[in-house]
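Data block below; observations after.
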Amino acid sequence: MRFLYILAVYLVAPLVSLAMLWRGIWDRSYWSHFSERYGFGEKLEPSGVWVHAVSVGEVQAAAALVTTLRERYPMVPLVVTTLTPTGAARARTLFKDRSE
């Protein structure tokens with residue numbers, strides 16, 4: 001089953017990349033941080049908590065979780081990722097006082 005999942009990801013990744021590039025023709029914000037979507041961002045600490053919220057609505061929904069994790073475990077690294085530029089902007093706005 002794992003093999004099928006990995007195969008599907010490899011087959012779909014070029015299509016998703018093309019869709020993001022195509023969308024970027026009308027909304028240039030889709031081109032910013034493009035390489036980070038494929039793991040080419042700054043190096044993060046290996047142990048920590050990763051919260052992935054696809055869009056603005058999920059960022060809003062995850063806000064309480066992120067705030068609680070930050071309060072209960074202040075020494076644990078916390079990473080919030082998004083897929084859309086608007087979701088990333090909302091995450092920056094919500095968590096700006098807690099980001100590096």
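None of these values were measured; they are calculated from a predicted model. Starting from 1, each residue takes its place in the sequence as its number.
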Scan the side chains in residues 51-65 for donor-acceptor partners under 3.5 Å anywhere in the protein, sequence neighbours excluded, and list what turns up.
residue : atom : partner : partner atom : Å
His52   : ND1  : Thr81   : O            : 3.4
His52   : ND1  : Thr81   : OG1          : 2.7
Glu58   : OE1  : Val54   : N            : 2.8
Gln60   : OE1  : Arg90   : NE           : 2.4
Gln60   : OE1  : Arg90   : NH2          : 2.6

Taking only distance into account, with no hydrogens and no angle test, what donor-acceptor pairs under 3.5 Å do side-chain atoms of residues 9-16 form with protein atoms, sequence neighbours excluded?
none

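The ring-ring contact (aromatic ring centres under 6.0 Å, His included) test applied to Trp50 returns no partner, not counting sequence neighbours. Under the side-chain contact (heavy atoms from CB on, under 4.5 Å) criterion, Leu18 pairs with no residue at all, not counting sequence neighbours.
Closest of all the heavy-atom pairs between Thr82 and Ala91 is CG2-CB, 4.4 Å. Closest heavy-atom contact between Ser47 and Pro77: O-CG, 3.2 Å.
Side-chain contact between Leu78 and Val66: present, with at least one pair of heavy atoms (C-beta onward) separated by less than 4.5 Å.
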